[in-house]
K.L.:
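One structure coming up, written as structure tokens, with questions to follow.
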Amino acid sequence: MSESLKERIPDFEQRSDASGSTLGGALSQPGLIRSGGQALAILAVAVLVIGGIEIWLRASGTESYIFPKPSEIGAALVDNFGLFWPHIVSTMTVLVTGFLIGSGIGLVLAATITQVPFIEKVITPYILLLVTTPMIALVPLLSAKLGYDSMSPRIIAVALASGPIVMINATTGFRRTDLGKIALARSYGASTIQLFTKIRFPMALPMIVVGLMMGAIMGLLTAVGAEMVGSSEGLGSRLLYYSARVQMDNFFAIIVILAAIGIIDYVIFTLIGRKWASWEA
Amino acid sequence: MSDPYISVDRASKTYRTRSGEVEALRDLSFDMRRGELLSILGPSGCGKSTMLWAMSGLHPLTSGTVTINGRPVDRPRPETGMIFQQANLLPWKNVMQNILFPFEITGGSPGPHMDRIRSLIREVGLEGFEKKMPGELSGGMQQRVSIVRCLGYDPDVILMDEPFSALDAFTRDEMNELLQRLWMETGKTIVFVTHSISEALFLADRVAVLSPRPGRLSRIFEVPFPRPRSIDLTLTAGFADLALEVKHSIERSIPASAGGRS
């Protein structure tokens, strides 16, 4: 209540980049738990849902190969974690390597092309093409060229999936140049490099963090998809493996692991956003 | 009379836009002595901000020269500080970090200036706000920070581009008194661009009235009121008479074909 009543003082900057702050607003969403009461309520919902499913599956006598009980999934997760672990490592290696390569190239490209509007206009349609094309489609081709068991086809697919998204968001961020702030820095004799490091980059940071978060999530989707179509390693390959053998408890255990990776990704970037881009709340 | 500290000589500026050329300034010349507070007054679009930005070295003139302390201005110079219409604070830095931002750019050490900066912070009423973020401050408070940022860095010349025009009338009066006090204490040379007659007359030693586009010098008024001036002065008969005279000179400079008022 006190937050909604908090006096907001409008100023020119806030009005001029209203389009940016809606996207940046994704960072200030109440993504992390703020109070003990909230945490308790969230936990209660989880207990209710999981407990409800457990009771319903037991009451209806559903067979485990159709839908395993949450308790069986939990048991599989604990008992077979040693079996899952190499695949977790494989997926995470592919995800982190591909994401670092893709987002690194995306960031550098975004920072460079926004300095030259003409180049930006020429390149943007191609980047959009990369964003909208599902990169999983390339995996069979890459696997045929680079080898089925090699990690590189999957790493390339993840880089191609996350890079363009990071780049598009960063480009939007770098384009949000506030001429007043540029003039301010220039009036003290700022160099081109200082204009970038002291004004343009911090201005773009909220959009960059949003881009990195989206890029990492797209990277995870692509990594799992790539493992399903073109690898015998990684969590994606395990989904096919366990469903083919009707080991539904293991199958769902893998899904729980994937969900956890996604949540960790979200939490990491939300925390980064809190720390470095919280001014745009 | 000794050499002027600031000399503007036949300043002209033409902007090239998509719809053709716009002549913003034509042959504007004036001189200032060191420590003077000059107001540049005129209707919207008379090129007064253009003149100020040319004096800062941020935007070059098409022809003519600006000389400050014997050196022609061709790029931004550390002896010149600028205060903008918006406070222009960096939202990711707190108040103190914003105040020290000029040192971050020039690489100079704020150390020797810290005592003066702290007393400036006290003087403008920002004490206790050093760790606040700009978003937590009102418009008036933000503009105070931007004034301390400029003065803390200790430039010789301060160029102010309608700095209080976005503030409400009461805050504006307060800021005008504050600015006068800071100017009297520091002895800076200040160019103050405004479209408010009473603000110009309250603050300035002299008021330069510009004609509408293209901006030319229409008249310079000497402002005789003794200092320190109180904001009550603006409600006296003598002040009103002078304000009326200034207003008429602005109206006379507006050609009838342009529609009179703006």
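Naming: A, B, ... by sequence-line order, numbering from 1 per chain.
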K.L.:
Examine whether an atom of B:Thr80 lies under 4.5 Å from a heavy atom of chain A, and if so say whether it belongs to the side chain, the backbone or both; otherwise answer neither.
P.N.:
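Just the backbone, heavy atoms under 4.5 Å.
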
K.L.:
Checking heavy atoms, do the side chain of B:Pro102, its backbone, both or neither come under 4.5 Å from chain A?
P.N.:
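Both parts, heavy atoms under 4.5 Å.
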
K.L.:
Determine the option with the most heavy-atom pairs under 4.5 angstrom with chain A, choosing from B:His59, B:Met133, B:Glu104, B:Arg75.
P.N.:
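The option with the most such pairs is B:Glu104.
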
K.L.:
Please output the side-chain donor-acceptor pairs of residues 182-189 of chain A that fall under 3.5 Å, not counting sequence neighbours, one pair per line with the distance.
P.N.:
unit_1   : atom_1 : unit_2   : atom_2 : d
A:Arg186 : NH2    : B:Leu58  : O      : 3.4
A:Ser187 : OG     : A:Leu184 : O      : 2.7

K.L.:
Between atom CG of A:Leu179 and atom CZ of B:Phe84, what is the distance when rounded to the nearest 0.5 Å?
P.N.:
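Between A:Leu179 CG and B:Phe84 CZ, I get 11.0 Å after rounding to 0.5 Å.
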
K.L.:
For residues 110-121 of chain A, please give each side-chain donor-acceptor pair under 3.5 Å, one per line with the distance, not counting sequence neighbours.
P.N.:
unit_1   : atom_1 : unit_2   : atom_2 : d
A:Thr112 : OG1    : A:Val108 : O      : 2.4
A:Thr114 : OG1    : A:Ala110 : O      : 2.7
A:Thr114 : OG1    : A:Ala111 : O      : 3.3
A:Glu120 : OE2    : A:Arg175 : NE     : 2.4
A:Glu120 : OE2    : A:Arg175 : NH2    : 2.7

K.L.:
Would you indicate whether B:Lys132, at its atom NZ, is surrounded by more than 12 heavy atoms from other residues, nucleotides or ligands within a distance under 6.0 Å?
P.N.:
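At most 12 heavy atoms, drawn from other residues, nucleotides or ligands, come within 6.0 Å of this atom.
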
K.L.:
Using heavy atoms and a sub-4.5 Å threshold, report which of residues 150-157 of chain B line up against chain A, by residue number.
P.N.:
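If one takes a 4.5 Å heavy-atom cut-off, the residues of residues 150-157 of chain B near chain A are B:Cys150, B:Tyr153.
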
K.L.:
Please state whether the side chain, the backbone, both or neither of B:Arg77 comes within less than 4.5 Å of a heavy atom of chain A.
P.N.:
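Only the backbone of B:Arg77 comes within 4.5 Å of chain A.
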
K.L.:
I need the contact set between residues 105-116 of chain B and chain A: heavy-atom distance under 4.5 Å, sorted by residue number.
P.N.:
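The residues closer than 4.5 Å to chain A, in numerical order, are B:Ile105, B:Thr106.
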
K.L.:
Roughly how far, to the nearest 0.5 Å, is the CG atom of B:Asn88 from the CG atom of A:Asp178?
P.N.:
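Rounded to the nearest 0.5 Å, the CG-CG separation comes out at 6.0 Å.
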
K.L.:
Output the distance between atom NZ (A:Lys181) and atom CG (B:Leu89), rounded to the nearest 0.5 Å.
P.N.:
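One gets 7.5 Å once the value is rounded to the nearest 0.5 Å.
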
